[in-house]
Every structure is written in structure tokens, then in C-alpha cells.
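Quick notes on the structure that follows.
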Amino acid sequence: MIQNERIRVLNNKPQKNGDYVLYWMQSSQRTNFNHALEYSIIKANSLNKPVLVFFGLNEKFPNGNLRNFSFMLEGLHEVQKSLEERKIKFILLKTSPEVGATQLSNNASIVVTDKGYLRNERSWRNYVAINIDCPLIEIESNTVVPIEEVSKKEEYSAATIRPKINKLLNVYLLPLKQNIPIKSSLSLPYDTLNLDNMEELIKSLKIDTTVPSSPHLFGGTSEAMSNLETFIKKKLDRYDELRNNPSLDYLSNMGPYLHFGQISPIFIALKILEIDSPGKGPYLEELIVRRELSMNYTYYNPKYDSFEGLPEWCKRTLEIHEKDTRDYTYSKKDFEMAKTHDPYWNAAQNEMVYYGKMHGYMRMYWGKKIIEWTKSPKEAYEILLYLNDKYELDGRDANGYTGVAWCFGKHDRPWSERKIFGNIRYMNDKGLKRKFDPDAYAKKINDYVSKI
DNA sequence: ATCGGCTCGCGCAA
DNA sequence: TGCGCGAAGCCGAT
């Protein structure tokens, strides 16, 4: 079912007698467990109209490159085929999303879209809400609990948001029924890019091609689901024990799929709930509480991607220690080329550059060390964001911005004061050795990189 | 190997 | 107003 709290009308325009209901797909790039798509079909059926689905390929998307575009297009190819089976036409155009959606709204009765938690996503929706002459209805499908139902403010920590989310799970963590359109839109006369010839399409895009596609992670809902199956079968039981061991792979790897909306967090959570495993609780904590905490941060803090957005105590303590001497300082380029004195740090950087995804535990160490080895925390902040957004398949995401902020103390607690970090949590390579074998990790990455 | 202290701010209990 | 406690730790004492 689609709870009322997932539905929001973004403008005050009258419904038209158009040719179709337009679903402007953006953050939920899937046909499975997609409340916005199901809402569009239900609405279209009640109006006796077909549904048209539109996606705008924006070549100027910040940090859009070969890696994230090919991952996304693999997913959209699957979306197109799956919609076609449901007699729904999928229109993919090389246009900025808000411009394309506005144009296609001319012949629409209403426009439906999904919800985003970042600045650009929200400004596109505002643009469309103002510039079209029919209703724009936003459906929240990428969180288990609708963000404003959880809390109306920026939360302080996981501890403060956890009870607010958990008490609402019985209301929102529910299956979603698939609907069948009464009217087909397949014969509507609209052009679309051809996704069957992916290579040619990718070649035609004016994007940064210096970051190659990941050799390990391929986009699309079916890839997401098969990775999830593997995770449940082979890793979930020992997840709690081994997830923080980067020399092994005990992670779900759902991040990139969730980022593009190729899989639904509700779908994942319902699957996990069926399993009796010691990893169940810890995994659901990460999937729901920590993920939705990160969306709470970007949604309520307009400075989510800058040093300025940090809590006062974090900025204060880091600024007090800004002049402390650094044993090492590196430039953005040094970091990007993985040229530091620390083999573990370099391995983490290379993992990100060559795999497209750094192990979660190393992300903390990696970020903390950039703070330690940069002239100022503000410069460090800029470098973390730059590298994360450029190389991570799940970059440019609420989780990424919150992960960076965490390295600077966000959602964390203060610790004993020390050089450079002040009261911010410090990490060192002794900690890595205490928990796992970082040499095995570095060897794994180095062996891989030397084969390229 | 294990343990307490470090330090700030939230939110509940009183 | 007081008090307990927190997303991934470090460090020194035992």
C-alpha cells in the first residue's frame, strides 16, 4: 500500500485533461517496489489514461563520468525492458531532467515524481512545480519511513533518531502491490534514446571518460538482487563479526544500487526480516537507521557538503588545532594518485579508484588521515568530497556526504583532546592491526592493481 | 587481554 | 536541573 505520508503535492495547479500521466523518474530507477510508479499507474487507471515514464540524462550532472553513467544506464536499460512488459513507454532523453519533465508535462494530466534529499534534486522538483500547468505529485519511495514522519529537524545522532524510526516500522515497512495499467502507452509517438546499443549511446555522451566503469559492480535491479541473495546466503550470518574486516568481503554492497534507486530499501528489509540470522539486527540498523539518519542530515542541513555544516563543537575544536604542526602534508593530487607514506591508506585510495567502492571500515581511516595530513580541516573537507564524489559509485549521495561529515565528528561524540584533531575521534594504523590484518588487505588491492 | 577515562550535548526523569 | 549515555577509538594502567 502507498501510505498518505509518502504522497505530497508540490504545487497548487489544477488537473488537466491530458494524454497521459507522466512519471518523471529520477531517484527511484526501478520498476520493483517503486511507490511513485505504482501511484502513477493507479492514478492513470482512475483517469482512464496511459502512463508515460521519462528520465532525463544530464551530461552536465556534477561529477558525472563513465563509471557512474554506465552503472546507471545498465539499470535504466533494465527499467526500459521491464516497463515495456507492463505496456508502459519509457522515454530516455539527453536533457536536463527538469527541462524534459516540464516539456513532457504539456500533454500530461498530472506529473508524478519520486523524492530526493539533496540540493540539486530538490531544486529540480521546485523548478518543475512552478513551471508546469498541472499538479506535480512527489512520492517518497527511497526511505523505509518517510523522512518528515521520522523527525521535523536535523537529528543529533543515531541514538536520537533510532527510537523515532523504530517505532514507525510497523506502519511503513510493508510490501507494495504491483498494478497493471489499463491503457498501453507503447504506441504514443515520442522519441527515446536506444538503450539496446549501450556502447554507442555511451560513446555519444559528452562526459568525463577518465574514470572507467567498475570491473566488479554492474548496474541494474537484477544485479542488485543477485548480490543481495549472495549476501544473505554467504555473508549475513557472520556480518556482525566480519563486516569491519576489509581484507574480507562481508558487506552487502547495496550502496551503489540504493544510490541510484535500483533497489528499494523496503524490499531489502523485508527479505532480511524473513531470515533467522545473527546478522539480521546489525544489518537492518545500517540499512534503515544509519541510512535514514544520513538523509535526515542532508534534508535538514543546507550546508551538508561543507565544513560550515558541522556541529559547533566540531568546528570549534578543529579550528583551535588548525595551526598544529603536521608530520606529513599532501596535496589533493598526492592523495588522488595514492602517493602517501602509508601503504594502508594508499591501498584504500586504490580500492576506491579501481574498484569503484572502498570498504566501509577503511573509509573512516581514509578520511581521518586526510584530516591529519592536510594543512587545514577546510581543505581536507574539500578533498574528501572531491575524491568520494568522483570515484565512488555511491558518491554524490546523502550517505557519502554524511560519511565525510562523520570523519569530522558529525553524529559522533567528543574524545580526549589531541594534536590536530582536538576532540574529534582519532584513528591510527594500530587500530587496523588490532582489528584485522591490514597487510593482507593492502596485498589484495596491490595484486589487483598490478594486473591492470 | 581488559578496563576506565577522555568530552559535549541531547533528552528523559524528576 | 541532574544525569546517563552515545556509529565504527585511543591510551595507559593493571
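Both backbone and side-chain heavy atoms feed into the values below; hydrogens, waters and symmetry mates do not. Naming: A, B, ... by sequence-line order, numbering from 1 per chain.
A:His411 places its NE2 atom 23 Å from the P atom of B:dT7, with the value rounded to the nearest Å. Regarding A:Lys430, its NZ atom lies at a distance of 8 Å from the C1' atom of C:dC11, rounded to whole Å. Between the CZ atom of A:Arg413 and the C1' atom of B:dG9 there is a distance of 12 Å, given to the nearest Å. Straight-line distance from the CG atom of A:Asp429 to the C1' atom of C:dC10: 13 Å, rounded to whole Å. Between A:Trp406 atom CH2 and C:dG6 atom C1' the separation is 13 Å, expressed in whole Å. With rounding to whole Å, A:Arg434 atom CZ is found 9 Å from C:dC11 atom C1'. Rounded to a whole Å, the CD atom of A:Glu155 is 20 Å from the P atom of C:dC5. Atom CD1 in A:Ile320 sits about 13 Å away from atom P in B:dT7, given to the nearest Å.
With a 4.5 Å cut-off on side-chain heavy atoms, A:Met358 and A:Glu392 count as touching.
Here B:dC10 is the nucleotide among C:dA7, C:dG9, B:dC10 with the atom lying nearest to any side-chain atom of A:Thr160. Residue A:Ala159 has its side chain nearest to C:dG6 when only C:dA8, C:dG6, C:dG9 are considered. Checking B:dG11, C:dA7, C:dC10 against every side-chain atom of A:Ala158, the shortest atom distance belongs to C:dA7. Each of B:dC6, C:dC10, C:dA7 was ranked by its minimum atom distance to the side chain of A:Tyr426; first place goes to C:dC10.
The residues A:Arg363 and A:Asp394 are annotated as salt-bridged, a charged nitrogen and a carboxylate oxygen being separated by less than 4.0 angstrom.
A:Met364 comes within contact range of at least one nucleobase, with a heavy-atom separation under 4.0 Å. Residue A:Arg316 is classed as a sugar-phosphate contact, given heavy-atom separations below 4.0 Å to backbone atoms only. Contact annotation for A:Arg162: backbone-only contact, meaning every heavy-atom pair under 4.0 Å involves sugar-phosphate atoms and none involves a base.
Pairing for C:dT1 goes to B:dA13, judged as Watson-Crick or G-U wobble with the two contacts each under 3.5 Å. In this structure B:dG4 sits in a base pair with C:dC11, meeting the Watson-Crick or G-U test at under 3.5 Å.
For C:dC10, one of the phosphate oxygens OP1 or OP2 lies less than 4.0 angstrom from a side-chain nitrogen or oxygen of A:Asn428. Proximity of A:Arg425 to the phosphate of C:dA8: a side-chain N or O atom is located under 4.0 Å from OP1 or OP2. Listed pair A:Lys435 / C:dG9 meets the phosphate criterion, a side-chain N or O lying under 4.0 Å from OP1 or OP2. Between C:dG9 and A:Tyr361, a contact under 4.0 Å exists linking OP1 or OP2 to a side-chain N or O. Contact between the side-chain N/O atoms of A:Asn244 and the OP1/OP2 oxygens of C:dA7 is not found at any separation under 4.0 Å. The phosphate of B:dG11 (OP1 or OP2) has a side-chain N or O of A:Lys153 nearer than 4.0 angstrom.
Of the residues A:Phe335, A:Tyr365, A:Tyr330, A:Tyr328, the one that meets the ring-ring contact (aromatic ring centres under 6.0 Å, His included) test with A:Trp345 is A:Phe335.
In this structure, A:Lys368 satisfies the cation-pi test against A:Trp406, with its NZ or CZ atom closer than 6.0 Å to the six-membered ring centre and inside 45 degrees of the ring normal.
Counting heavy atoms of neighbouring residues, nucleotides and ligands inside a 6.0 Å radius, atom CG of A:Asn170 exceeds 12 of them. The environment of NZ in A:Lys234 is sparse: at most 12 heavy-atom neighbours from other residues, nucleotides or ligands sit within 6.0 Å.
When the P atom is used for both B:dG9 and C:dG9, the distance is 23 Å, rounded to whole Å. A distance of about 22 Å separates the C1' atoms of B:dT2 and C:dA7, rounded to the whole Å. The same atom, C1', is picked in C:dC5 and in B:dG4; the two are 15 Å apart, to the nearest Å. Straight-line distance between the C1' atoms of C:dA8 and B:dG11: roughly 24 Å, to the nearest whole Å.
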*Evaluate the criterion ring pair (Phe, Tyr, Trp, His ring centres under 6.0 Å) for residue pair A:Tyr283 and A:Phe231; output intermediate values, then yes/no.*
CA-CA 11 Å; A:Tyr283 182 71; A:Phe231 173 68; 4.9 Å; yes
